[in-house]
K.L.:
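Shown below is the structure under consideration.
All of these numbers come straight from a predicted model, not from anything done at the bench. Order of the sequence lines sets the chain letters (A, B, ...), proteins ahead of strands, with each chain counted from 1.
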There are 2 protein chains.
Amino acid sequence: MSKVTIYDISKKLNISAATVSRALNNNPKISPKTRELVLKTAAEMNYEQNTLALALKSGKSNTVGILVPYVDRNFFSSVIRGIEEELYPHGYHVIICQTRDDAQSEVQNINTLLNAQVDGIFMSVSKTTKDTSHIDRVLQKKIPLVFFDRKKNIPGVSSVTIDDLNGAYMSVEHLIRQGCKQIAHFMGDINLEIYKNRYNGYLKALTDYNLPFNKDYVIRTNSKAESGTAAVKKLMRLPSPPDAIFSSSDFTALGAIQELKKNGIRVPEDICISGFSNEPFTQYTDPTMTTVDQTPIKMGKMAAQVFLEQMGGEISVALEKKVVLSPQLVVRDSTNRSMG
Amino acid sequence: MSKVTIYDISKKLNISAATVSRALNNNPKISPKTRELVLKTAAEMNYEQNTLALALKSGKSNTVGILVPYVDRNFFSSVIRGIEEELYPHGYHVIICQTRDDAQSEVQNINTLLNAQVDGIFMSVSKTTKDTSHIDRVLQKKIPLVFFDRKKNIPGVSSVTIDDLNGAYMSVEHLIRQGCKQIAHFMGDINLEIYKNRYNGYLKALTDYNLPFNKDYVIRTNSKAESGTAAVKKLMRLPSPPDAIFSSSDFTALGAIQELKKNGIRVPEDICISGFSNEPFTQYTDPTMTTVDQTPIKMGKMAAQVFLEQMGGEISVALEKKVVLSPQLVVRDSTNRSMG
DNA sequence: TAATTTAGCGCAATCGATTACCAAAATTTC
DNA sequence: GAAATTTTGGTAATCGATTGCGCTAAATTA
């Protein structure tokens, strides 16, 4: 009924609990005969090691914490899946926390995770995070920390990100090859590196292909479809509207497409549009949407591997590791002019 | 640097650790003066209670486990979000496990969760689960268990589900009101109650509205778009093809729409189609898809509340509670004939 | 055969916090 | 002022597992 402990086994066999523990852990100081006996009895009695007691004694909890803005955002839940699948075989559990993109909640969650003595922390920093003293505290405690996607540049912290600049560059390059010459950009929150990088990739492509930069073509958006429709309205009022839009978000790109269709402007014939993230819905829009895949499951798996490496290293020299994954341009109809 | 314990505080103040513990827990047996002193010192020394030690001593870990087939499925991640948001203010953490719809993995995960001494378990049973002895073990240990969405009928286990039968009924009723008379059904895995209920709702609506039942109109599908295209092909070969499809899944409905469009059959003019789940993409398909919203975040919150109630009850009389949420019919263009 | 090594196992401390039980001090009561 | 209470706080066991140290008996060596 109630839990079987090593003491129950030791009493039954008339040996000490220490012997039981050693036998169960394959300690060579125990004779094979005793070991077998203990193992057999433990199995019979349905013994299970008490994780909490072990964690308290060893200081290792075999759990890791994952901090994301929202679990139900496809990108994040996919990363979580990747982490979980990579870590489960190693005996780790994942604790999920939502920051709701709130810096204060991030700090709180970090605290409770530290307090629960997690063996590692994975996080995508919240948009509003400025101060990083809570992150320093993680480092002080020598707990492996891995940023994914959204990171801060802090020495000693590993990160797994995608090459946003290149993803943006590939998108814009693709638009140019489709014959577009006046390419607008929906720019996300510049507080986050990822959006800054996407913007820079946009600029770099323009420069490399000798296209002029027009500041009216860069619109600040916020990852919501409405923001995309508003942005499109603004663009269409310009004396010389763009013939392509590279959006830093699938949602704003979607809003743009909807607004354009409503006004009888054809996509991709009149204007090409590409998004970013490869949200599941992008393959079902009309037209289907060109976008950039961030390989989130892979990102999660990589992050987990980085963590495992850091755990493996005897002396946790906290040597940081920066993994940058290559994004994948997914070309679909919203930029495909060859199909007419 | 290293963790501050109540012993550190007790040494500094030259009192016993017991007193410190009591002071921190507002035990009335400690004089206000001492209490204040301890509290102040604890704050100064940056003391934090060791969760693991507490958990070991009390048997309460303040974590709950959530088992889902895949975390990156929108429905499940939304439920998780609901649970997390409801439980976080109560000091609980959530551990996420993926079963990959594999019964064996479900058993394993349950075991490790029990072993980690979670205070409760939330689960959506995997498709392949037949034997339920692992669930019985949870009950034996008197650990609150709450099924959500996919459940097994086991006495003593609470559940939060939606009224699938009614959701199906509303859908079919809606199709009938649109003038459809020959309504087909894409039926999911009948091993799962939810699909059985959706099927029954379909049948009930047909009966109530005096429409004949045609067994050729019921096609077994598997929640993948391809399965939907295959099903449509089969239906279209019938001597008298249907004029509406009620699909038990958004994905198969999507596959159906795509296949029909490809063959020049118009939706909704020639055939109405409705799905189930209100996946995010359904609002972006062309035409936008009528579907049934399962209110997953609400479902998560309800499940959490059921759990909290069970924890609150002094004697855990394990009185089961069955919550059935009302689904929401979301009417969009794929069934809207008035717009012609 | 005596001396020494080694295999096998037990004792008790430890991880950090809680709490039943008990004891000293302070207060009240007569 | 002595006895009876009441406050206040200490002692030590407990949750379950691990492990350094040491002891006993068997095995090895001289």
Side-chain angles (χ1 to χ4, degrees), chain A residues 1-39 41-42 45-63 91 112 114-119 141, chain B residues 1-39 41-42 45-63 91 112 114-119 141-143:
Chain A
M1 180 65 238
S2 63
K3 282 201 88 60
V4 178
T5 73
I6 53 171
Y7 293 94
D8 299 325
I9 301 179
S10 76
K11 263 173 223 155
K12 181 156 194 170
L13 295 181
N14 243 334
I15 57 180
S16 79
T19 304
V20 177
S21 171
R22 291 198 178 96
L24 292 172
N25 289 297
N26 274 320
N27 186 310
K29 287 186 167 285
I30 300 298
S31 72
K33 209 190 304 176
T34 319
R35 188 199 326 287
E36 291 312 320
L37 182 61
V38 170
L39 257 41
T41 317
M45 296 177 74
N46 253 313
Y47 168 79
E48 280 174 356
Q49 195 185 39
N50 182 318
T51 319
L52 290 178
L54 179 60
L56 175 60
K57 188 71 174 68
S58 67
K60 264 196 93 240
S61 63
N62 278 302
T63 50
T112 33
L114 285 178
N115 199 245
Q117 279 172 257
V118 293
D119 296 335
K141 298 206 176 186
Chain B
M1 180 66 236
S2 64
K3 281 200 89 62
V4 177
T5 74
I6 53 171
Y7 293 94
D8 299 325
I9 301 180
S10 75
K11 263 174 221 152
K12 181 158 196 171
L13 295 181
N14 241 335
I15 56 180
S16 78
T19 305
V20 176
S21 171
R22 291 196 179 99
L24 292 172
N25 288 297
N26 274 320
N27 186 310
K29 284 182 170 286
I30 299 299
S31 72
K33 210 191 304 176
T34 321
R35 189 199 326 286
E36 291 312 319
L37 182 62
V38 170
L39 257 44
T41 317
M45 297 178 71
N46 253 315
Y47 168 78
E48 279 175 356
Q49 195 186 41
N50 184 316
T51 319
L52 290 177
L54 179 59
L56 174 60
K57 187 68 173 67
S58 67
K60 264 196 93 235
S61 64
N62 278 302
T63 51
T112 35
L114 285 178
N115 199 245
Q117 280 173 257
V118 292
D119 297 334
K141 299 207 176 188
K142 308 256 187 226
I143 296 194

K.L.:
How is B/L56 classified with respect to the nucleic acid when contacts are heavy atoms under 4.0 Å: base, sugar-phosphate, or nothing?
P.N.:
base
K.L.:
May I ask you to test the B/Q49-B/L24 pair for a side-chain heavy-atom distance under 4.5 Å?
P.N.:
no
K.L.:
Scan B/L54 against the nucleic acid and name what it touches under 4.0 Å (heavy atoms): base, sugar-phosphate only, or nothing.
P.N.:
sugar-phosphate
K.L.:
Considering non-hydrogen atoms only, spot the tightest contact between B/Q117 and B/S61 and give its length.
P.N.:
O-OG, 2.6 Å
K.L.:
Whole angstrom is fine here: how far is it from CD in B/E36 over to C1' in D/dT8?
P.N.:
16 Å
K.L.:
Could you check how far OH of B/Y7 sits from C1' of C/dA17, rounded to whole Å?
P.N.:
7 Å
K.L.:
Once you round it to whole Å, what is the distance between C1' of C/dA17 and CD of B/E48?
P.N.:
15 Å
K.L.:
Can you tell if the side chain of B/I15 reaches within under 4.5 Å of the side chain of B/L37, non-hydrogen atoms only?
P.N.:
no
K.L.:
With respect to the phosphate group of C/dC9, does any side-chain polar atom (N or O) of A/T34 fall under 4.0 Å of OP1 or OP2?
P.N.:
yes
K.L.:
Quick one: pull up NZ in B/K29 and CZ in B/R22 and give me the separation to the nearest 0.5 Å.
P.N.:
7.5 Å
K.L.:
Report the residue (B/S58 or B/N14) whose heavy-atom-nearest nucleotide on DNA chain D is the more 5′ of the two.
P.N.:
B/N14
K.L.:
What's the shortest heavy-atom distance between B/N50 and B/L52, and which atoms?
P.N.:
OD1-N, 2.8 Å
K.L.:
Taking OP1 and OP2 of C/dG10, is either one under 4.0 Å from a side-chain nitrogen or oxygen of A/S16?
P.N.:
yes
K.L.:
Taking atom P of C/dT18 as reference, at what distance in whole Å does atom CG of B/N62 sit?
P.N.:
12 Å
K.L.:
Within this structure, what is the CG-to-C1' distance between B/L37 and D/dT8, rounded to whole angstrom?
P.N.:
14 Å
K.L.:
So what is the end-to-end bend of the helix from C/dT1-D/dA30 to C/dC30-D/dG1, with 5 pairs used at each end and the value given to 10 degrees?
P.N.:
50°
K.L.:
Starting from C1' on C/dA17, measure out to CG on A/N115 and report it in whole angstrom.
P.N.:
12 Å
K.L.:
So, OP1 or OP2 of D/dA17: does either fall under 4.0 Å of a side-chain N or O from A/Y47?
P.N.:
yes
K.L.:
So, does B/Q49 get its side chain near the phosphate of C/dT18, meaning an N or O under 4.0 Å from OP1 or OP2?
P.N.:
yes
K.L.:
Can you give one letter per nucleotide of nucleotides 19-27 of chain D, going 5' to 3': B for a protein heavy atom under 4.0 Å from the base, S for sugar-phosphate only, - for none?
P.N.:
BBB------
K.L.:
Can you measure A/K60 atom NZ to D/dA17 atom P for me and round it to whole angstrom units?
P.N.:
17 Å
K.L.:
Can you tell me how far P of D/dT18 sits from CD1 of A/I9, to the nearest Å?
P.N.:
11 Å
K.L.:
Remember a base hit wins even if backbone is also touched, and classify B/Q117 as base, sugar-phosphate or nothing at under 4.0 Å, heavy atoms.
P.N.:
nothing
K.L.:
Which part of the nucleic acid, if any, lies within reach of A/I15 when heavy atoms closer than 4.0 Å are counted: base, sugar-phosphate only, or nothing?
P.N.:
sugar-phosphate
K.L.:
Say whether, by atom type as modelled, one donor and one acceptor occur between the side chain of A/R35 and the main chain of A/P28 under 3.5 angstrom.
P.N.:
no
K.L.:
Any idea which heavy atoms bring A/L39 and A/A23 closest together, and the distance?
P.N.:
CD1-O, 3.8 Å
K.L.:
Would a 4.5 Å heavy-atom cut-off, applied to side chains only, mark B/K3 and A/L114 as touching?
P.N.:
no
K.L.:
Are the side chains of A/T19 and A/T34 in touch, meaning some heavy atoms are under 4.5 Å apart?
P.N.:
yes
K.L.:
Looking only at atom types and distance, does a side-chain atom of B/N25 sit under 3.5 Å from a main-chain N or O of B/N27, one as donor and one as acceptor?
P.N.:
no
